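Since we're looking at a predicted model, the values are computed, not measured.
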Amino acid sequence: MARSASTYASVIDGFKVETNKKYSPVGGTKCNIFAQDVMAAMSASLPGGLANQMADALLNKKAPGWSSVTFQDAQKRANLGYPTIGIKKADGHGHVVVVRPKGSSITILKEVQIAQAGTKNYNSNTINYSWVAADLPGVKFYTHD
């Protein structure tokens with residue numbers, strides 16, 4: 001698939017995460033399902049399972065095509081249309097977000113632009129709405145070619 005910011009943004013927008021009942025937090029959050037759906041549509045399959053299982057597979061390089069990047073590179077890659085995620089393993093349940101194009105570079109972690117399904121679903125917001133400030137440094141970023 002040809003990579004571009006507009007294509008990537010259109011794919012993310014097409015899932016209508018804020019209103020799509022598939023991603024409703026009723027009965028448990030659906031961050032993994034949303035991220036897997038977006039990445040599959042971008043021809044960049046994520047490992048199956050919940051966020052913690054995904055995090056383990058990515059960390060152990062068991063997800064072909066995915067590579068670890070800094071938060072700055074994550075935003076740069078998303079801005080170029082490359083499928084990119086942020087993920088943090090946690091006791092109980094971890095969390096995964098889709099890094100979406102922002103149109104500009106960033107200098108601080110809390111500026112990373114994301115879409116997520118979670119206790120609150122966001123089509124476009126900054127990552128500081130996904131985790132508390134103390135947890136942000138533990139988020140790992142991955143991008144797919």
Side-chain angles (χ1 to χ4, degrees), residues 3 5-42 44-63 65-145:
R3 305 291 188 209
S6 62
T7 298
Y8 187 31
S10 291
V11 166
I12 294 166
D13 295 345
F15 284 97
K16 301 185 184 318
V17 70
E18 291 176 335
T19 58
N20 189 332
K21 291 185 189 292
K22 179 179 183 178
Y23 308 116
S24 168
V26 175
T29 63
K30 314 293 189 308
C31 65
N32 59 318
I33 296 167
F34 174 65
Q36 290 164 339
D37 287 352
V38 170
M39 297 307 141
M42 291 296 295
S45 294
L46 275 170
L50 299 174
N52 281 347
Q53 287 82 33
M54 265 190 256
D56 286 339
L58 290 160
L59 182 65
N60 295 313
K61 301 182 189 225
K62 294 183 177 178
W66 288 94
S67 56
S68 179
V69 293
T70 65
F71 74 86
Q72 296 99 328
D73 286 338
Q75 188 65 69
K76 285 178 191 173
R77 297 275 296 169
N79 290 350
L80 293 170
Y82 289 91
T84 306
I85 63 162
I87 193 164
K88 185 174 187 311
K89 193 172 174 178
D91 291 338
H93 297 286
H95 187 53
V96 60
V97 298
V98 172
V99 180
R100 64 172 297 131
K102 183 178 181 126
S104 62
S105 61
I106 60 168
T107 57
I108 56 176
L109 177 56
K110 71 179 186 174
E111 294 177 330
V112 173
Q113 197 72 22
I114 60 93
Q116 77 165 28
T119 53
K120 293 205 176 197
N121 294 356
Y122 300 113
N123 184 55
S124 185
N125 213 332
T126 51
I127 199 167
N128 58 303
Y129 285 88
S130 302
W131 285 279
V132 297
D135 288 342
L136 281 175
V139 176
K140 298 196 179 315
F141 295 90
Y142 297 89
T143 190
H144 194 277
D145 287 323

Test log, rule side chain to side chain contact (heavy atoms under 4.5 Å, CB included), inputs V112 and F141:
CA-CA 11 Å; V112 173; F141 295 90; 4.2 Å; yes
Evaluate the criterion side chain to side chain contact (heavy atoms under 4.5 Å, CB included) for residue pair M42 and R3; output intermediate values, then yes/no.
CA-CA 9 Å; M42 291 296 295; R3 305 291 188 209; 3.6 Å; yes
Stepwise side chain to side chain contact (heavy atoms under 4.5 Å, CB included) check, F71 with V139:
CA-CA 9 Å; F71 74 86; V139 176; over 6 Å; no
Yes or no on side chain to side chain contact (heavy atoms under 4.5 Å, CB included) for F34 and V96, after CA distance, side-chain angles and deciding distance?
CA-CA 9 Å; F34 174 65; V96 60; over 6 Å; no
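Atom OH of Y23 and atom CD of E18 lie 13.0 Å apart (nearest 0.5 Å). To the nearest 0.5 angstrom, T7 atom OG1 is 11.0 Å from I12 atom CD1. Within the model, atoms NZ of K16 and CG of N123 stand 9.0 Å from one another, a figure rounded to the nearest 0.5 Å. In this structure, the separation between CG on L50 and CD1 on I33 is 8.5 Å, given to the nearest 0.5 Å. Taking CG of L58 as the start and CG of L46 as the end, the distance is 6.5 Å to the nearest 0.5 Å. I85 contributes atom CD1, which lies 5.0 Å from atom CH2 of W66 (distance to the nearest 0.5 angstrom).
Annotation for N52 and G92: closest pair ND2-O, 3.2 Å, computed over non-hydrogen atoms. Closest approach of A51 to H95, counting heavy atoms only: CB-N, 3.5 Å. Counting all heavy atoms, side chain and backbone alike, A63 lies closest to P47 at CB-CG, 3.7 Å. Nearest heavy-atom pair across E111 and K102 is O-NZ, 2.8 Å. Between P25 and G118, the shortest heavy-atom distance links the atoms CB-O, 3.3 Å. The shortest non-hydrogen separation linking Y8 to R100 is CE2-CA, 4.3 Å.
The backbone N or O of H144 lies less than 3.5 Å from a partner atom in the side chain of R77, making a donor-acceptor pair. The closest donor-acceptor contact from the side chain of N79 to the backbone of S104 lies under 3.5 Å.
Side-chain polar atoms of Q113 and S124 form a donor-acceptor pair below 3.5 angstrom.
Shown here are the salt bridge (Lys or Arg N to Asp or Glu O under 4.0 Å) partners of D56, two or more places apart in sequence or in another chain: K89. With sequence neighbours excluded, the residues that form a side-chain hydrogen bond (donor to acceptor under 3.5 Å, both in side chains) with S6 are S4. For K30, there are no salt bridge (Lys or Arg N to Asp or Glu O under 4.0 Å) partners two or more places apart in sequence or in a different chain. For K22, the side-chain hydrogen bond (donor to acceptor under 3.5 Å, both in side chains) test picks out D37, with sequence neighbours left out. Residues passing the side-chain hydrogen bond (donor to acceptor under 3.5 Å, both in side chains) test with Y122, sequence neighbours excluded: none.
Counting heavy atoms from C-beta on, the side chains of V99 and Q75 come closer than 4.5 Å. At least one side-chain heavy atom of T143 sits less than 4.5 Å from a side-chain heavy atom of S67.
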Going by atom type alone, with no hydrogens or angles, which donor-acceptor pairs under 3.5 Å involve a side-chain atom of residues 125-135 and a protein atom two or more places apart or on another chain?
| residue | atom | partner | partner atom | Å |
| --- | --- | --- | --- | --- |
| T126 | OG1 | N128 | OD1 | 2.5 |
| S130 | OG | Q116 | OE1 | 2.8 |

